[in-house]
Amino acid sequence: MVVIQQLANELIEAEKTRKPIAPLSERFPNITLDDAYQIQLQYVAEKRAQGARIIGKKIGATSKAIQEMFGVGQPDYGHLFDTMMYSDGDKVPLERLLQPKVECEIAFVLKKDLTGPNVTPLDVIEATDYIVPAIEIIDSRIEDWNIRFEDTVSDNGSSALVVMGSKPTKLEGLDLSCLGMNVSHNGEFLESATGAAVLGNPLYAIAWLANALSAYNVPLLAGEIVLSGAFTKALPIQDGDTFTAEFAHLGSVTASFTDGRNVE
């Protein structure tokens with residue numbers, strides 16, 4: 001328990017000072033996935049003690065390529081706090097971050113609780129109020145993104161900030177597995193993908209999360225936001241960058257990045 005508390009405190013201090021720490025998995029080679037989630041839960045408890053409020057969850061490692069890189073057969077998750085949130089078109093301050101990257105995805109906003117186990121995609125549909133485009137800014141408090149799966153889980157799923165789209169859309173009539181998305185960087189088309197990149201369908205990702213959380217007696221609650229997982233690979237960010245993710249039927253979301261430390 002002392003080590004779990006210590007490592008959670010180290011991650012919070014790294015976030016505060018913007019000085020990354022050595023990989024946990026190198027310092028503690030026998031760390032387990034359960035250890036990692038216990039560290040995350042302690043991190044969450046410390047953040048809440050500092051006044052942050054949980055407003056949802058994020059899902060990561062939803063693509064086969066990322067899972068193969070980590071040598072795992074499942075996604076991971078982290079917690080979202082009110083202090084992370086930005087709106088469509090906002091300027092996002094890079095000085096809050098260490099080594100950030102952009103991921104483009106769909107955010108689900110729930111109208112009913114989802115409590116596993118045995119949650120199905122149909123349950124997810126019934127519990128969802130609406131979806132919106134979202135840009136997640138992931139970040140790592142671990143040096144040089146030198147991470148194993150246990151590192152990113154401990155580090156609250158490598159979460160940092162979220163930019164939420166402004167157009168709510170109901171799920172009725174949408175096939176999320178076929179839903180297309182284009183990403184542009186500074187006005188130039190970058191890449192495209194469909195929802196099939198997210199565990200075959202983002203609905204499956206939300207169902208997986210509800211069931212995985214049940215092992216720790218953590219429900220998904222009405223009103224919470226759930227980021228369902230990236231459609232494409234994570235994209236590095238530089239000062240002055242603007243990213244836009246445009247989704248079929250859902251509209252778009254834009255995030256611009258600026259580093260206040262570079263302003264004279």
Side-chain angles (χ1 to χ4, degrees), residues 11-12 15 37 40-62 75-88 90 92 96-97 100 102-116 119 121 123-139 152-171 176 195 198-199 201-231 245 247 250 253 255:
L11 290 165
I12 286 176
E15 182 180 346
Y37 276 119
Q40 180 185 136
L41 289 173
Q42 187 60 46
Y43 169 95
V44 169
E46 293 295 330
K47 295 285 281 188
R48 293 181 71 186
Q50 295 173 11
R53 180 172 57 88
I54 295 172
I55 59 168
K57 309 291 188 297
K58 58 80 51 98
I59 307 171
T62 51
D76 72 334
Y77 61 83
H79 292 67
L80 302 179
F81 300 101
D82 58 339
T83 52
M84 295 179 170
M85 306 306 292
Y86 288 83
S87 299
D88 185 18
D90 279 352
V92 180
R96 287 190 61 179
L97 305 165
V102 155
E103 291 186 340
C104 303
E105 50 201 277
I106 295 172
F108 287 66
V109 179
L110 302 181
K111 62 183 178 182
K112 295 180 181 178
D113 295 356
L114 275 174
T115 305
V119 169
D123 295 326
V124 175
I125 292 171
E126 292 176 347
T128 299
D129 190 5
Y130 58 87
I131 58 176
V132 296
I135 291 176
E136 181 185 6
I137 297 96
I138 61 171
D139 201 0
T152 191
V153 168
S154 299
D155 193 19
N156 197 30
S158 300
S159 61
L161 305 173
V162 182
V163 180
M164 290 282 285
S166 58
K167 178 189 173 186
T169 301
K170 297 294 185 181
L171 280 174
L176 297 186
V198 184
L199 292 185
N201 189 314
L203 291 170
Y204 301 159
I206 306 297
W208 171 86
L209 176 61
N211 293 325
L213 285 170
S214 68
Y216 299 93
N217 297 313
V218 177
L220 293 174
L221 300 176
E224 285 195 328
I225 298 163
V226 186
L227 299 180
S228 55
F231 277 46
F247 293 80
L250 306 185
V253 59

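Keep in mind that this is a model prediction, so the values were computed, not measured.
- Note that CG of Asp113 and CG of Asp123 are 12.5 Å apart. Values are rounded to the nearest 0.5 Å.
- Glu126 and Lys111 get closest at one heavy-atom pair: O-CE, 3.3 Å.
- Here the closest heavy-atom approach between residue Gly165 and residue Val253 is recorded as N-CG2, 3.7 Å.
- At most 12 non-hydrogen atoms from other residues, nucleotides or ligands lie less than 6.0 angstrom from OH of Tyr204.
- For the side chain to side chain contact (heavy atoms under 4.5 Å, CB included) with Lys57, the qualifying choice from Ile225, Leu227, Leu221, Leu213 is Leu213, the only one to do so.
- Considering OG1 of Thr128 and CG of Leu110, their distance stands at 5.5 Å, rounded to 0.5 Å.
- Under the 4.0 Å criterion applied to side-chain N and carboxylate O atoms, Lys170 and Asp129 are assigned as salt-bridge partners.
- In this structure, NZ on Lys47 lies 5.0 Å from OG1 on Thr83, to the nearest 0.5 angstrom.
- Listed for the Asn211 side chain is a donor-acceptor partner under 3.5 Å among the backbone atoms of Val119.
- Thr152 OG1 to Asp76 CG: the interatomic distance, rounded to the nearest 0.5 Å, is 5.0 Å.
- Ala134 and Ala107 get closest at one heavy-atom pair: CB-CB, 3.9 Å.
- Scanning all heavy atoms of the two residues, the minimum distance from Gln50 to Ile12 falls at NE2-CG2, 3.7 Å.
- Checking Val109, Leu220, Ile131 one by one against Val226, the side chain to side chain contact (heavy atoms under 4.5 Å, CB included) holds for a single residue, Leu220.
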Legend entry - Pair Phe81-Asn156, side chain to side chain contact (heavy atoms under 4.5 Å, CB included): steps then yes or no: CA-CA 11 Å; Phe81 300 101; Asn156 197 30; 3.9 Å; yes

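- Taking 4.5 Å as the limit, every side-chain heavy atom of Val163 sits out of range of all side-chain heavy atoms of Asp90.
- For the pair Ser228 and Ile206, the tightest heavy-atom approach, listed with the atom from each and the gap, is CB-CD1, 3.8 Å.
- Using a 30° and 60° split on the angle between ring planes, Tyr216 and Tyr77 fall in the perpendicular class, above 60°.
- Taking all atoms of both residues into account, the shortest heavy-atom contact from Ile59 to Pro75 is CG2-CB, 3.9 Å.
- Each of His79, Glu105, Glu136 was scored for a side-chain hydrogen bond (donor to acceptor under 3.5 Å, both in side chains) with Lys58, with one residue passing: Glu136.
- To the nearest 0.5 Å, atoms OG (Ser154) and CG (Leu41) are separated by 10.5 Å.
- Remark: Phe108 CZ to Leu171 CG distance equals 5.5 Å, nearest 0.5 Å.
- More than 12 non-hydrogen atoms from other residues, nucleotides or ligands lie less than 6.0 angstrom from OH of Tyr86.
- Taking the six-membered ring for Trp and thresholds of 30 and 60 degrees, Phe247 and Phe231 have ring planes more than 60 degrees apart, a perpendicular arrangement.
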Legend entry - Check against side-chain hydrogen bond (donor to acceptor under 3.5 Å, both in side chains), Glu46 and Gln42: CA-CA 6 Å; Glu46 293 295 330; Gln42 187 60 46; 3.2 Å; yes

